[in-house]
Amino acid sequence: MSSSVSITLNQCSRTFAGGNTALQPLDLQVHPGETLVLLGPSGCGKTTTLRIISGLESPDKGGQVLFGKRDVTALPIEKRDVGMVFQNYALFPNMSVADNIAYGLKIQRLPRAEIAQRLDEVMRMVDLQGFGDRRIDALSGGQKQRVALARAIAVRPKVLLFDEPLAALDAKLRDRLRIEIGQLLRELGTTAVYVTHDQDEAMALGDRIAVMQAGRIAQLGTPQEIYHQPANAFVADFIGAVNCLDVIGSRADGGLIVHGGELSASHLQDVPTVYCRPEDVQVVPLDQADVRGTVVQSIFLGQSQRLMVDTGDASLLQIEAPSRQRWPNGTAIGLALPSQVLFHPAKPTPSVNTKEMANG
Ligand SMILES: Nc1ncnc2c1ncn2[C@@H]1O[C@H](COP(=O)(O)OP(=O)(O)O)[C@@H](O)[C@H]1O
Ligand SMILES: [Mg+2]
């Protein structure tokens, strides 16, 4: 939609009664039409941030919320023109699907014909055609969430806010609705903020992701940046699995000595540890290996398997291996860890790395 609005938070902190600081002073900008995901563990301040954007919560004194250039800090939720979708649906259980979806439209006193047309349009968008007369308590969880979604978009809000909308659904339904919400958000072009603790959901839906930790933003970036260039160990560990190898020495030629072998990484000098993702480690013949170890466990995942390899390091090395091959426990295994997959949060990653991956 051409009328998409930006969201700006200036120095928004939130301290609750008793001195519990949920949010440190936060600066955040959501671009017009963008979907920004707030991702982080339980209790890190995601919901508080979303509620401050919605008007359900006020920031501490000094904090400011802008929609576009308009200061909405003092406006209550009903004056902010936001649509919200919650984990627990928050529907009227004894009203029909159509009455739930049309609720906001009736409050806006839209003409009856326009309401009927909007109902038709949004029920089609969320794949609920024919369900208008159903009672809410006669719907499945996934259908209820579609109703909540339809209700939120029916009023054509400036801003869409989601708080863990898929958390109560089973895995298969979650995957499907995640794809549908993504399509819907692209179609609508409405500025959206989406809260989740699920990294897959965050990467699938976010144009950008703000990873939160203890009331602060630990990193803000595209899914690719967050995954391939994590700003610190917390982000690296929270997003996907990561290996952290102790560096126990270095060679004159720059080679890094680790348990079980040696790595070449000219972009990583003077680091105490080296990081790599399980899927970036390759199994190779022992005589071609950078690092050697022993398989101590293999976890079958269907599309792949996770091998746990003891290299003598304090922690086991996790690697992602093809699903059909077998490495019985105790097997000696050779691993290649090419320079371009090694990183350290404190060091810039060579840009060629992510560019090459982006080009496929
Ligand atoms: N109304 C409240 N009163 C007191 N503490 C609260 C209130 N709401 C949230 N908190 C606290 O603020 C912190 C952040 O909460 P929240 O924003 O809900 O986190 P998240 O959504 O990331 O799980 C938590 O420690 C939580 O216990
Ligand atoms: Mg929450």
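Computed from a predicted model, the values in this text were never measured in an experiment. As the structure lists them, so they are numbered: ligands from 1, and atoms in each ligand from 1.
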Is it true that some N/O/S atom of T47, main chain or side chain, lies under 2.8 Å from the Mg ion (ligand 2)?
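True for T47.
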
Identify the protein heavy atom lying closest to [atom], giving its residue, its atom name and the separation to 0.1 Å.
atom: atom 23 (O) of ligand 1; value: G43 N, 2.6 Å
atom: atom 10 (N) of ligand 1; value: F16 CE1, 3.5 Å
atom: atom 19 (O) of ligand 1; value: G45 N, 3.3 Å
atom: atom 12 (O) of ligand 1; value: A22 CB, 3.1 Å
atom: atom 15 (O) of ligand 1; value: T48 OG1, 3.8 Å
atom: atom 27 (O) of ligand 1; value: N20 ND2, 4.1 Å

Between K46 and D163, does the salt bridge (Lys or Arg N to Asp or Glu O under 4.0 Å) criterion hold? Intermediate values first, please.
CA-CA 8 Å; K46 305 180 297 294; D163 195 351; over 6 Å; no

For residues Y89 and G141, report the shortest heavy-atom separation together with the two atoms involved.
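In this case the closest contact between Y89 and G141 is OH-CA, 3.4 Å.
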
Can you tell which part of T47 has a heavy atom less than 4.0 Å from ligand 1: side chain, backbone, both or neither?
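For T47, backbone and side-chain atoms both sit under 4.0 Å from ligand 1.
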
Could you measure the distance from the CG atom of D198 to the CG atom of L205? Nearest 0.5 Å is fine.
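These two atoms lie 9.5 Å from each other.
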
Is there a donor-acceptor contact under 3.5 Å from the side chain of Q145 to the main chain of F86?
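Here the side-chain-to-backbone pair exists.
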
Tell me, please, whether Y275 has R277 positioned over its six-membered ring: NZ or CZ under 6.0 Å from the ring centre and within 45 degrees of its axis?
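No, R277 does not sit over the ring of Y275.
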
For S42, is the nearest heavy atom under 4.0 Å from an atom of ligand 1?
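Yes, that is the case, since the closest heavy atom of the residue is under 4.0 Å from the ligand.
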
Considering only NZ, NE, NH1 and NH2 on the basic side and carboxylate oxygens on the acidic side, decide whether D170 and K172 come within less than 4.0 Å.
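No, no charged N to carboxylate O under 4.0 Å.
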
R156/E121 ion pair, N-O < 4.0 Å:
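A salt bridge is present here (some side-chain N lies under 4.0 Å from a carboxylate O).
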
